Amino acid sequence: MKTNVIDTTPFDDQKPGTSGLRKKVEVFRQAAYLENFVQAIFDSIRDNADAPENRSLVLGGDGRYYNREAIQIILRMAAANGFSKVWVGQGGILSTPAASCVIRKYQSFGGIILSASHNPGGPDGDFGIKYNTGNGGPAPEGITDAIFACSRSLKSYRIVEAPDVDIDSLGSHALGEMRVEVIDPVADYAELMESLFDFDAIRGLIAGGFRLCFDAMHAVTGPYAREILEQRLGAPAGTVINGVPLPDFGDGHPDPNLTYAHELVDIMFNADAQAAPDFGAASDGDGDRNMVLGRHFFVNPSDSLAIIAANATLAPGYSDGLAGIARSMPTSAAADRVADKLGIPCYETPTGWKFFGNLMDAGKVTLCGEESFGTGSSHVREKDGLWAVLFWLNILAQRHLSVEDVVHSHWAEYGRNVYSRHDYEALPSDVANDLMAHLKNRFGELPGKRLGTYTILFCDDFSYVDPVDGSIATGQGLRFGFTDGSRIVFRLSGTGTEGATLRIYLEAFEPDAARHGADAQLALQPLIEIAHDLSQLQQRTGRLAPTVIT
Ligand code: VG1
Ligand code: CO
């Protein structure tokens, strides 16, 4: 089989963001664009660890537009770069948590995941690529920095000349010297879930008339949810809606929040409350996010992490308790209160799952979570949408309460961290950067200043020293802390592909959870006004309201 070494000019925009490299499909389809980045991954593995020769790789994606073409290119390049074996999900499909599961189970050297997560797909949408290491988790910054450096200096890439591999047929295929093992994308993952949760109890709950609805948003979790919820747990056919993965996600935005998962939201907030199911959930493009709803009730992801932590021992996989909890900095401190009570450590990391890996590998934490609908544990090294759904079902099966009652009883015991995130999408980059610079310029004058009924205690630009390897991440979000423990955080997204997205995270601690009812926006109104004043938001952006409120 012929190997071609193709001369190329590097691109200077291949810097991985919060979660890999994400660009418009048309950018990825430029000649040599994907190839250069993949070669940069292979070269930096060679520079940073052992040579990739005789190494193995897991490969799969969320099925979005360009997934299949990209898989064939990467297979041919892996063969040309001396890999001996690649496990590919059938049809090129692997959810992000399933890819992590498979990397760990087969002890692969690493994996490549093709996804732009919750970003829209299709020919005009987004595509993405991410490298995961042998622990199953996103490559840490040291490796992503090395990949970026490589991507800027590379002069050629290697690829074999060969026809497409049949990735739709299970089993072993040859590509030159390399083996391509096409595996069932669901089986290994479903088996792992059965080992963690009490499937008998959940089956009993469902058989007893408990009704649920899972919205796969035409993204990757459809086949996983059907197999686990409908086949193994006995939920009726039709429990999973939008269950067929489509390259353009049915023209939707596969982001499980109150704005984009509107079909599920309409079902769960049906005007006739009795017609609404007991439990609703949705997952994103690549299956690592989750939104959990009760009947007429939204569970904030920060609360969800805290509630899973407080109830963890109800699930067989966690019956021995938790080593610790980690949450990203913008996530509310609800989980910290649970950790306090359990007497276990709680770590605060920058945004992005890659910061949790070292803590889990070192056995310091069992549960991790982010406010952005991401929850997971050390069963894999990615956040995991269906895992969170099963955890909730396991809790509900044991506690015999509604979703709303579980949340209310949690607030009654721990107090409530009232929380919301406001996103301003597609701002001009210079406007967003200037706004952040303006906020930083004010750091000196703000501490001690009274704003309405609030007094600023501190402001800083969050930085993090990894307690395991000592690596440092700076510039991770501007924090404004108030004397009563309330908090505002400003951060620019690292996953968007159009201009800049400003995220404003608002949090107020409320010991008397009953005081504002469930309305977080009302409770947070004074902090929202302070955030607008501090940042001169309207005057700088011209925006009167956020694009998305969570
Ligand atoms: C967003 C979320 C962050 C999450 C990241 C990847 O990043 O805020 O919490 O880790 O997406 O999630 P950003 O930089 O846009 O705020 V996913 O589901 O894209 O892998
Ligand atoms: Co995702």
Side-chain angles (χ1 to χ4, degrees), residues 15-23 61-64 94-100 113-121 125-132 137-139 141 144 216-217 219-221 224 249 253-257 260-261 282-291 301-302 304-305 326-332 348-357 368-376 380-388 421-427 432 436 462 473 475-478 489-505 547-548 550:
K15 187 167 178 56
T18 313
S19 199
L21 180 68
R22 288 185 191 169
K23 299 281 175 193
D62 62 10
R64 67 180 58 227
L94 278 174
S95 76
T96 291
S100 184
I113 301 176
L114 303 174
S115 171
S117 189
H118 53 290
N119 296 14
D126 292 346
F127 191 75
I129 175 169
K130 174 169 89 157
Y131 178 68
N132 282 28
E141 295 225 310
T144 56
M217 304 188 84
V220 80
T221 45
Y224 295 85
F249 306 117
H253 193 146
D255 194 353
N257 60 34
Y260 296 124
S283 190
D284 71 329
D286 61 332
D288 56 1
R289 296 187 176 203
N290 74 90
M291 175 169 73
S302 294
S304 180
L305 172 66
R327 63 164 174 86
S328 69
M329 179 275 282
T331 304
S332 94
E348 186 177 37
T349 63
T351 296
W353 213 260
K354 61 188 166 194
F355 295 100
F356 294 136
C368 303
E370 295 191 279
E371 46 62 44
S372 53
F373 299 92
T375 337
V380 290
R381 292 292 181 278
E382 290 277 5
K383 55 187 183 272
D384 189 343
L386 262 169
W387 168 91
R421 182 175 107 179
H422 290 194
D423 294 334
Y424 292 82
E425 295 177 355
L427 295 173
M436 295 294 276
F462 181 63
Q476 299 293 326
L478 308 183
V489 176
F490 295 84
R491 204 187 136 259
L492 296 183
S493 157
T495 59
T497 57
E498 266 178 61
T501 293
L502 171 69
R503 306 200 193 284
I504 305 179
Y505 310 82
T547 323
V548 178
T550 299

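When reading the values below, keep in mind they use all heavy atoms of this one structure, side chains included, and skip hydrogens, waters and symmetry mates. If you're wondering where the values come from, they're calculated on a predicted model, not measured in any experiment. Whatever order the structure lists ligands and atoms in, that order sets their numbers, starting from 1.
Distance from atom 7 (O) of ligand 1 to its nearest protein heavy atom, with residue and atom name: Thr495 CG2, 3.4 Å. Of the protein's non-hydrogen atoms, the one nearest atom 11 (O) of ligand 1 is Arg289 NH2, 2.9 Å. In this structure, the protein non-hydrogen atom closest to atom 20 (O) of ligand 1 is Asp288 OD2, 3.1 Å. Of the protein's heavy atoms, Arg421 NH1, 3.4 Å lies nearest to atom 8 (O) of ligand 1. Scanning the protein for heavy atoms near atom 10 (O) of ligand 1, the closest one is Glu370 OE1, 2.7 Å.
For residue Ser117, an N/O/S atom approaches the Co ion (ligand 2) to within less than 2.8 Å.
Distances from atom 9 (O) of ligand 1 to the heavy atoms of Ser372, Pro138, Pro350, Gly374 put Ser372 nearest. In the candidate list Arg503, Glu371, Arg491, Lys383, Lys383 is nearest to atom 6 (C) of ligand 1, counting heavy atoms.
At a 4.0 Å heavy-atom cut-off, ligand 1 does not touch Thr96 at all.
Looking at ligand 1, you'll find an N or O of Ser117 within less than 3.5 Å of one of its N or O atoms. Residue Tyr505 places no N or O, backbone or side chain, under 3.5 Å from any N or O of ligand 1.
The existence of a salt bridge linking Arg327 and Glu370 is excluded, since no basic side-chain nitrogen approaches an acidic carboxylate oxygen closer than 4.0 Å. The pair Arg22-Asp126 fails the salt-bridge criterion, with no side-chain N (NZ, NE, NH1 or NH2) lying under 4.0 Å from an Asp/Glu carboxylate O.
Of all the atoms in ligand 1, the ones that sit under 4.0 Å from a non-hydrogen atom of Gly494 are 13 (P), 14 (O), 15 (O).
Taking a 4.0 Å cut-off on heavy atoms, Arg22 registers as neighbouring ligand 1. Ligand 1 is approached by Gly352 to a heavy-atom distance shorter than 4.0 Å.
Within Asp288, the N, O or S atom lying nearest to the Co ion (ligand 2) carries the name OD1. Of all N, O or S atoms in Asp286, the one lying closest to the Co ion (ligand 2) is OD1. Its N, O or S atom nearest to the Co ion (ligand 2) is what matters here, and for Asp284 that atom is OD2.
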